[in-house]
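Nothing here was measured: the structure is a model prediction, and the numbers come from that model. Note that the numbering runs from 1 along the sequence shown for the chain.
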Amino acid sequence: MIIDEFQRVPHLLSYIQTIVDERKEMAQYVLTGSQNFLMMESISQSLAGRIALFTLLPLSLTELNDAGVPVDSRDVLIQRGLFPRLYDTGGDAYRYYRNYTQTYLERDVRQIKNITDLALFERFLRL
C-alpha cells in the first residue's frame, strides 16, 4: 500500500506498526510525504528496525548532463535550480518557486513550527 502525505495522519503509524509486527513481512507500506520523518514532532512511533528512509534530492549536474540538458551558465543554474519538475515540464522557474513557496513553505513549515505572523515569515523568506 502506498500512502502519500502520511504526516497529516500521524496516528496511522501506530496501526501500521501493529500490522507490520503481526505479519512480519517486509515492504508492506510505502509512506511518502513532504516533511522529514525524523523531524516530525507529531510522530510518537519511531518504527525503529521497521523502516528504511530514502531522501530524494534535487538533480545533480551529472544527472542533467546524462539527460542531455545543457547547463548554459552558473547564473542560469542558480536561477532555475535543480528541481526535477522544472526540467521535466520545461516550466517557468519563477512560477514554480512561487507555487513551491506557497504550498510547501507557507503551508507545511508554518504548520510544523506554528508560525502565526505570515507577513513576517514571508519577509524572512524574501531575505
Side-chain angles (χ1 to χ4, degrees):
M1 176 183 293
I2 300 171
I3 302 170
D4 190 23
E5 297 297 338
F6 77 96
Q7 75 274 4
R8 301 208 180 279
V9 191
H11 63 274
L12 183 65
L13 293 180
S14 293
Y15 296 108
I16 289 174
Q17 180 176 344
T18 302
I19 293 168
V20 168
D21 288 347
E22 287 174 357
R23 293 185 183 169
K24 299 187 184 333
E25 290 178 42
M26 300 292 289
Q28 295 176 60
Y29 297 94
V30 174
L31 307 176
T32 67
S34 56
Q35 296 175 14
N36 185 329
F37 178 83
L38 297 175
M39 296 182 71
M40 293 172 53
E41 297 169 1
S42 60
I43 301 236
S44 60
Q45 299 297 325
S46 74
L47 297 178
R50 299 173 185 89
I51 64 171
L53 298 175
F54 298 95
T55 301
L56 298 178
L57 300 173
L59 295 170
S60 69
L61 292 176
T62 302
E63 289 171 318
L64 286 177
N65 187 47
D66 290 348
V69 176
V71 178
D72 299 329
S73 71
R74 223 177 281 154
D75 292 338
V76 170
L77 187 61
I78 290 170
Q79 180 187 21
R80 287 193 59 83
L82 294 166
F83 285 97
R85 176 65 66 196
L86 284 171
Y87 296 92
D88 182 40
T89 63
D92 173 31
Y94 175 77
R95 179 181 297 156
Y96 176 82
Y97 286 114
R98 186 182 68 223
N99 291 336
Y100 179 84
T101 300
Q102 288 175 339
T103 58
Y104 180 67
L105 296 176
E106 291 178 6
R107 184 194 66 202
D108 293 344
V109 173
R110 265 183 80 198
Q111 186 178 23
I112 294 169
K113 293 300 174 192
N114 194 22
I115 295 170
T116 55
D117 188 344
L118 182 57
L120 183 62
F121 182 62
E122 287 174 347
R123 184 174 176 211
F124 166 73
L125 291 176
R126 282 192 301 273
L127 291 173

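A93 and R80 get closest at one heavy-atom pair: CB-CA, 4.2 Å.
Linking Ile, Leu, Val, Met, Phe, Trp and Tyr whenever their side-chain heavy atoms come within less than 4.5 Å puts V20 and I3 in one cluster. A continuous path of Ile, Leu, Val, Met, Phe, Trp and Tyr side chains, each step under 4.5 Å between heavy atoms, connects L12 with M1, placing both in one hydrophobic cluster. Under a hydrophobic-cluster definition in which Ile, Leu, Val, Met, Phe, Trp and Tyr are linked whenever side-chain heavy atoms come within less than 4.5 Å, directly or via other members, V9 and F6 are assigned to the same cluster. Under the 4.5 Å side-chain heavy-atom criterion for ILVMFWY residues, a single connected hydrophobic cluster contains both Y87 and L61.
For T18, the side-chain contact (heavy atoms from CB on, under 4.5 Å) partners are E22, not counting sequence neighbours. The salt bridge (charged side-chain N to carboxylate O under 4.0 Å, His left out) test applied to D75 returns no partner, not counting sequence neighbours. Scored by the side-chain contact (heavy atoms from CB on, under 4.5 Å) test, T55 finds L57 as partners (sequence neighbours excluded). Scanning for ring-ring contact (aromatic ring centres under 6.0 Å, His included) contacts around Y97 gives F83, with sequence neighbours left out. Partners of D88 under the salt bridge (charged side-chain N to carboxylate O under 4.0 Å, His left out) rule, at least two apart in sequence or in another chain, are R85.
Looking only at side-chain heavy atoms (C-beta outward), L59 and L86 stay at 4.5 Å or farther from each other. Counting heavy atoms from C-beta outward, L77 and L82 have side chains that approach closer than 4.5 Å. Contact check for Y29 versus I19: side-chain heavy atoms found under the 4.5 Å cut-off.
The stretch residues 51-75 participates, sequence neighbours left out, in no ring-ring contact (aromatic ring centres under 6.0 Å, His included) pair at all.
Summarising the geometry, atom NE2 belonging to H11 is positioned 10.5 Å from atom CD1 belonging to I16; distances are rounded to the nearest 0.5 Å.
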